Amino acid sequence: MVHFSAEEKTAVTSLWGKVNVEEAGGEALGRLLVVYPWTQRFFDNFGNLSSASAIMGNPKVKAHGKKVLTSFGDAIKNMDNLKGAFAKLSELHCDKLHVDPENFRLLGNVLVIILASHFGKEFTPGVQAAWQKLMAGVATALAHKYH
Amino acid sequence: MSLTKAERTVILSLWDKISAQADVIGTEALERLFASYPQTKTYFPHLDLRPGSAHLRVHGAKVVAALGDAVKSIDNIAGALAKLSELHAYILRVDPVNFKLLSHCLLVTVASHFPADFTADAHTAWDKFLSIVSCVLTEKYR
């Protein structure tokens, strides 16, 4: 089980408090679909994904991005028990959505990059490290119930 | 995997900004690598890797200079990095997984320094470019 130090928790929660979840969620999901176009395979019914601007402006992408990032917010409230917090979502992603867990790692890294672009110098190597640990923990938790 | 004309253009324009701060970017990318992925330090027992160290600065500059060589010969990255490819295959033998980690930390550094320029298209082009560089550096491994 992942253990977060008090410092790591602070690095995560203090930054999270300043994140516009709706905006960042849409940006993160959008960038995932632009930078790694094969991830579009899960979103056939999202409409126009034909270019970077189409993707970033797509209302379904924005809405779904917001949903995904809101769920990250739940992770942050449960950093000591990510596996428990994501058990149901893990089953969903395996049994209904059929998402390769590699995609969780890709999205986690895209989110880190977006945080870096929003927070600049404030997103120090130490802060990034705490977030990478959280991303890895979330990815593992989401893959935990796969069978 | 190869770069389109549009991707080359965007890589070159962002490179102008990166190269103006090459040492800073290179050093910071390494600092981020060692902070987030401490296992990568195992390849540098001979260096002082503490943030701010001269060793880190020298090595960071080296890494970005090599990227510069690749950018300058963007039509023939394999040719530009042939010697480095042999070095990594026969002497350094850094496990291929680590190139993804350093590439990611380079992107994080660039995003944090140049947020306005690091558009979705620039992000894609640079991610692709660094994948190609990583491929070239590991292609002689076996």
Side-chain angles (χ1 to χ4, degrees), chain A residues 5 7-8 11-12 15 23-24 26-40 49-58 61-62 65 102 105-137, chain B residues 1 3-4 6-7 10-11 14 17 21 24-41 49-53 56 60 97-131:
Chain A
S5 70
E7 229 176 35
E8 286 166 337
V12 168
L15 210 76
E23 218 178 79
E27 226 184 304
L29 185 63
R31 288 236 175 182
L32 180 77
L33 299 174
V34 170
V35 180
Y36 309 108
W38 54 93
T39 57
Q40 292 170 25
L49 300 178
S50 60
S51 68
S53 53
I55 291 170
M56 301 310 286
N58 184 308
V61 170
K62 289 185 184 186
E102 179 58 24
R105 288 170 249 293
L106 287 179
L107 181 60
N109 279 341
V110 168
L111 186 58
V112 163
I113 286 173
I114 292 210
L115 292 175
S117 72
H118 284 200
F119 293 102
K121 274 201 159 81
E122 203 182 330
F123 198 67
T124 64
V127 168
Q128 178 191 349
W131 276 89
Q132 296 287 174
K133 205 168 157 181
L134 177 66
M135 296 297 132
Chain B
M1 190 172 28
L3 299 163
T4 64
E7 285 165 346
V10 86
I11 287 166
L14 193 49
K17 304 211 160 167
Q21 291 188 53
V24 167
I25 302 282
T27 307
E28 191 182 312
L30 288 178
E31 274 176 18
R32 290 183 182 278
L33 180 72
F34 299 137
S36 284
Y37 310 107
Q39 69 273 19
T40 55
K41 293 191 284 188
L49 299 179
R50 287 168 302 177
S53 88
L56 213 49
V97 73
N98 295 287
F99 294 93
K100 276 199 176 161
L101 304 180
L102 179 56
S103 296
H104 172 64
C105 290
L106 277 159
L107 292 179
V108 171
T109 306
V110 170
S112 97
H113 281 252
F114 310 110
D117 301 279
F118 200 64
T119 60
D121 282 333
H123 181 168
T124 306
W126 270 87
D127 188 289
K128 224 170 138 178
F129 170 67
L130 292 175
S131 301

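Because only heavy atoms are used, hydrogens play no part in the values below, and waters and symmetry mates are left out as well, while side chains stay in. Chain naming here is simple, since letters A, B, ... match the order of the sequence lines and numbering starts at 1 in each. Model, not experiment: these values are computed from the prediction.
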Practice task
Select all residues of residues 127-137 of chain A having any heavy atom within less than 4.5 Å of some heavy atom of chain B, and report them by number, or 'none'.
Solution key: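 Heavy-atom contacts from residues 127-137 of chain A to chain B are A:Gln128, A:Ala129, A:Gln132.
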Handout entry: Under 4.5 Å from any heavy atom of chain B - which part of A:Ser53
Key =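 Nothing of A:Ser53, per the 4.5 Å heavy-atom cut-off to chain B.
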Problem - Heavy-atom contact with chain A under 4.5 Å, split by part of B:Tyr37 - result: side chain
Practice task
For atom CD of B:Gln39, decide whether the heavy atoms of other residues, nucleotides or ligands shown that lie under 6.0 angstrom number more than 12.
Solution key: yes
Problem - Greater than 12 external heavy atoms within 6.0 Å of A:Lys62's NZ - result: no
Practice task
Hey, could you give me the CE/OG1 distance between A:Met56 and B:Thr119, rounded to the nearest 0.5 Å?
Solution key: 9.5 Å
Handout entry: Option in B:Ala116, B:Pro115, B:Cys105 with maximal non-hydrogen atom pairs under 4.5 Å from chain A
Key =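 Maximum pair count with chain A is reached by B:Pro115.
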Enumerate, atom names and distances included, each donor-acceptor pair closer than 3.5 Å involving a side-chain atom of residues 111-121 of chain A, sequence neighbours excluded.
residue: A:Ser117; atom: OG; partner: A:Ile114; partner atom: O; Å: 2.9
residue: A:His118; atom: NE2; partner: A:Glu27; partner atom: OE1; Å: 2.9

